[in-house]
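First the structure, in the form of structure tokens, and then the observations on it.
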Amino acid sequence: MLERQVIVNRTEGLHARPAADIMKLAIRYKSQIVIVFGSRNANAKSMLSMIKLGVKQGNEVLVRADGPDAEEALSVISGYLEAAV
């Protein structure tokens, strides 16, 4: 399992549009991808799960990936969250 701490730089945080974008990215990978915020976890392949986290711009999250393509998945999802838009 790989993991990376990430500061969310997207102005919308993890609301509907960014959560949908992450889901579209995550479903491309065989690995399980989880976003952790505080004591709560969200499956990155589930838009609703991510929205329920309540992540806002500037919050720190932990991105975990476990599986055959975990390194690439972790890099892509983390990069999306860190991108300032």
query: For the residue pair A73 and I33, what are the closest heavy atoms and their distance?
result: CB-CD1, 3.7 Å

message: Tell me the closest heavy-atom pair linking S75 and R4, and the distance in Å.
response: CA-NH1, 3.7 Å

- request: Would you confirm whether R10, through its side chain, and Y80, through its main-chain N or O, come within 3.5 Å as a donor-acceptor pair?
  value: yes

message: Test your reading of the model: is there a side-chain donor-acceptor pair from S78 to the backbone of L74, 3.5 Å cut-off?
response: yes

message: Suppose clustering is done on Ile, Leu, Val, Met, Phe, Trp and Tyr with side-chain heavy atoms closer than 4.5 Å. Which residues sit in the same group as M1?
response: none

query: Under the 4.5 Å side-chain heavy-atom rule for ILVMFWY, direct or indirect, which residues accompany V36?
result: V34, L62

query: Are I22 and L14 close enough, and set up right, to give a side chain to side chain contact (heavy atoms under 4.5 Å, CB included), and what steps lead you there?
result: CA-CA 9 Å; I22 290 172; L14 264 183; 3.3 Å; yes

message: Rounded at 0.5 Å granularity, tell me how far CG in L53 sits from NE2 in H15.
response: 11.0 Å

[X]: side-chain contact (heavy atoms from CB on, under 4.5 Å) partners, not counting sequence neighbours:
X   : value
R17 : D21
E60 : Q5, I7
E82 : V6, N9

task: Step by step, work out the side chain to side chain contact (heavy atoms under 4.5 Å, CB included) result for T11 and Q57.
output: CA-CA 5 Å; T11 55; Q57 182 182 29; 3.8 Å; yes

Those residues that, when tested against E3, pass salt bridge (Lys or Arg N to Asp or Glu O under 4.0 Å) (two or more places apart): R64

Which donor-acceptor pairs under 3.5 Å do side chains of residues 41-51 form with protein atoms, sequence neighbours excluded?
{"residue": "N43", "atom": "OD1", "partner": "K45", "partner atom": "N", "Å": "2.8"}
{"residue": "K45", "atom": "NZ", "partner": "Y29", "partner atom": "O", "Å": "2.8"}
{"residue": "K45", "atom": "NZ", "partner": "S31", "partner atom": "O", "Å": "2.9"}
{"residue": "S46", "atom": "OG", "partner": "S49", "partner atom": "N", "Å": "3.2"}
{"residue": "S49", "atom": "OG", "partner": "N43", "partner atom": "N", "Å": "3.1"}

message: Show every salt bridge (charged side-chain N to carboxylate O under 4.0 Å, His left out) that has at least one partner inside residues 28-43, sequence neighbours left out.
response: none

